[in-house]
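Structure record follows, encoded as structure tokens.
Scope of the values below: all heavy atoms of this structure, side chains included, with no hydrogens, waters or symmetry mates.
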Amino acid sequence: MDFKDLASKLGIDEEDFMELVELFVATSLGDIEKIKKSLSEKSCPDASAASHSIKGAAANMGFEDIARLSADMEMQAKQGSLENFDSYINDLEQMVNALNNA
Amino acid sequence: MKKKQTYTVLAVDDNLLNLRLIEKSLSKEGYRIFIADNGPKAREIAFGEKPDLILLDIEMPGETGFDVIEKLKDSSETNAIPVIFLTGVIDVDSKLRGFDLGAVDYITKPFHPLEVLARVRIHLKLSIATNSLIADQASRLRQITEAQVAMLPTPEDNPQAKFGVYYRALEEAGGDFYDILNISDHITGYFVADFAGHDIKTSYMTASVKALLAQNCTPVYSPLESIRMINDVLVEILSEGKYLTACYMHLNRTTRKLTIINAGHPPVVCLPVDGEPFLIKSDGDILGMFKDPHFGSETIDVTPGDKFFIYSDGLVESAENKITWASGADSLLPVYKKISQTSYSMAPEELINLLFGKGATPEDDIVVLCVEV
């Protein structure tokens with residue numbers, strides 16, 4: 001992922017952008033934990049809210065893949081289904097961690 | 001060096017990352033940013049810091065953006081702060097509701113920091129322009145007030161007229177007006193008027209009336225003739241619904257005759273040098289309304305030391321207590337007795353202090369003129 005390009009698209013410098021990426025990773029991992037918990041408790045509203053939070057942040061940062069996946073998760077949870085969430089959470093976690101290592 | 005003008009923006013969003021993104025991109029451009037991740041905290045900062053603009057997320061847990069703006073618009077301290085909504089909700093109803101509640105604009109999420117910056121700039125510019133327009137208008141009104149006060153003769157400049165005055169315009173441009181006319185060495189005219197309405201037009205009219213008084217209050221005309229002539233011109237120039245109540249007092253200090261012409265104005269109070277205060281009631285039509293009016297006219301003999309009070313209805317009327325001057329004037333006579341020993345120059349102020357208490361704010365424009373024979 002080209003952070004320099006994403007930063008310039010947002011009109012901020014790379015250093016600031018990296019700070020935001022760090023924050024994004026930390027809060028998103030926290031949200032992912034919330035989704036895991038809601039999955040074990042079978043709570044769709046909690047899963048939807050945590051997905052919503054990741055979606056909003058990812059969309060603003062320009063992380064389109066993460067935004068798309070969390071948007072789908074939010075929508076599905078809103079409709080009352082947590083089907084395949086195990087695998088979604090896995091994918092999501094990988095994407096977020098990839099940011100950390102980039 | 002000129003002090004730098006820093007604009008402050010309050011950003012409200014429950015998503016911390018969004019807040020930081022806004023903070024970084026706006027502070028880079030020189031704005032001072034406050035952030036809040038919930039409604040109550042946002043209101044606390046809005047009241048405490050009075051930011052120049054607020055970026056407000058609609059969807060927040062607990063107190064929503066709608067709740068926050070509603071409360072901000074409810075308070076005079078925060079209702080002028082422009083609010084831009086951040087909304088992920090795309091339905092029109094929610095946007096309209098935001099505008100309804102007083103938002104100036106909205107930004108859809110996901111937002112781009114440069115769009116946020118552009119909208120913040122536009123709305124700060126608008127707000128600055130509006131504020132300077134208001135300041136400009138207020139300063140013009142103040143100029144009118146100053147011009148109006150400059151039009152009012154002072155006791156210091158007219159010692160031979162032996163009068164004291166209290167004048168207070170409630171609005172920036174008041175509806176009350178008085179004038180002193182030095183008709184000859186020993187004849188003085190005193191004029192007090194109250195225009196219907198207190199707008200800027202009214203204050204322009206005072207200039208016309210002042211000019212008319214100067215032209216018509218001369219030794220050639222009797223007091224009644226003077227006022228009739230002024231009336232006839234005013235009927236021509238005043239717009240419909242505009243009129244004034246007025247009292248004209250014509251004092252000849254040689255013949256010791258005082259003539260009072262009353263045009264729908266509260267009665268003159270006479271405070272004799274020795275004796276009880278009494279009202280000189282004479283009914284008359286208002287000025288500037290009718291072509292062939294009837295004005296109250298009364299001529300009395302006076303003694304040196306007698307004091308006369310002409311005043312506008314703001315002195316005796318009270319909207320709060322539903323008192324009109326017809327009943328109010330009588331009830332004030334005992335108050336005049338209390339100031340019978342006060343000099344004519346101090347009497348008007350003393351009267352106001354007795355009636356309204358020191359430093360109190362009367363409900364209406366007020367002018368009180370005290371004349372000593």
Donor-acceptor pair, side chain of B:Y7 and main chain of B:L53, under 3.5 angstrom: no
Centroid separation B:F66 to B:F85 less than 6.0 Å: yes
Plane angle bin for B:Y106 and B:F99 - parallel if under 30°, tilted between 30 and 60°, otherwise perpendicular: perpendicular
A:A7 versus A:F17, closest heavy-atom pair with distance: CB-CB, 3.6 Å
Polar contacts chain B-chain A (donor-acceptor, d < 3.5 Å, no H, no angle):
unit_1: B:N15; atom_1: ND2; unit_2: A:S53; atom_2: O; d: 3.1
unit_1: B:N18; atom_1: OD1; unit_2: A:N60; atom_2: ND2; d: 2.7
unit_1: B:K24; atom_1: NZ; unit_2: A:E19; atom_2: OE1; d: 3.4
unit_1: B:K24; atom_1: NZ; unit_2: A:E19; atom_2: OE2; d: 3.1
unit_1: B:K28; atom_1: NZ; unit_2: A:G11; atom_2: O; d: 2.8
unit_1: B:F111; atom_1: N; unit_2: A:N60; atom_2: OD1; d: 2.5
unit_1: B:H112; atom_1: NE2; unit_2: A:K9; atom_2: O; d: 2.4

Side chain to side chain, A:I12 and B:L21, heavy atoms closer than 4.5 Å: yes
Backbone of B:L72 reached by a side-chain donor or acceptor of B:S75 within 3.5 Å: no
Greatest number of heavy atom pairs closer than 4.5 Å to chain B - which of A:G56, A:A58, A:A67, A:A49: A:G56
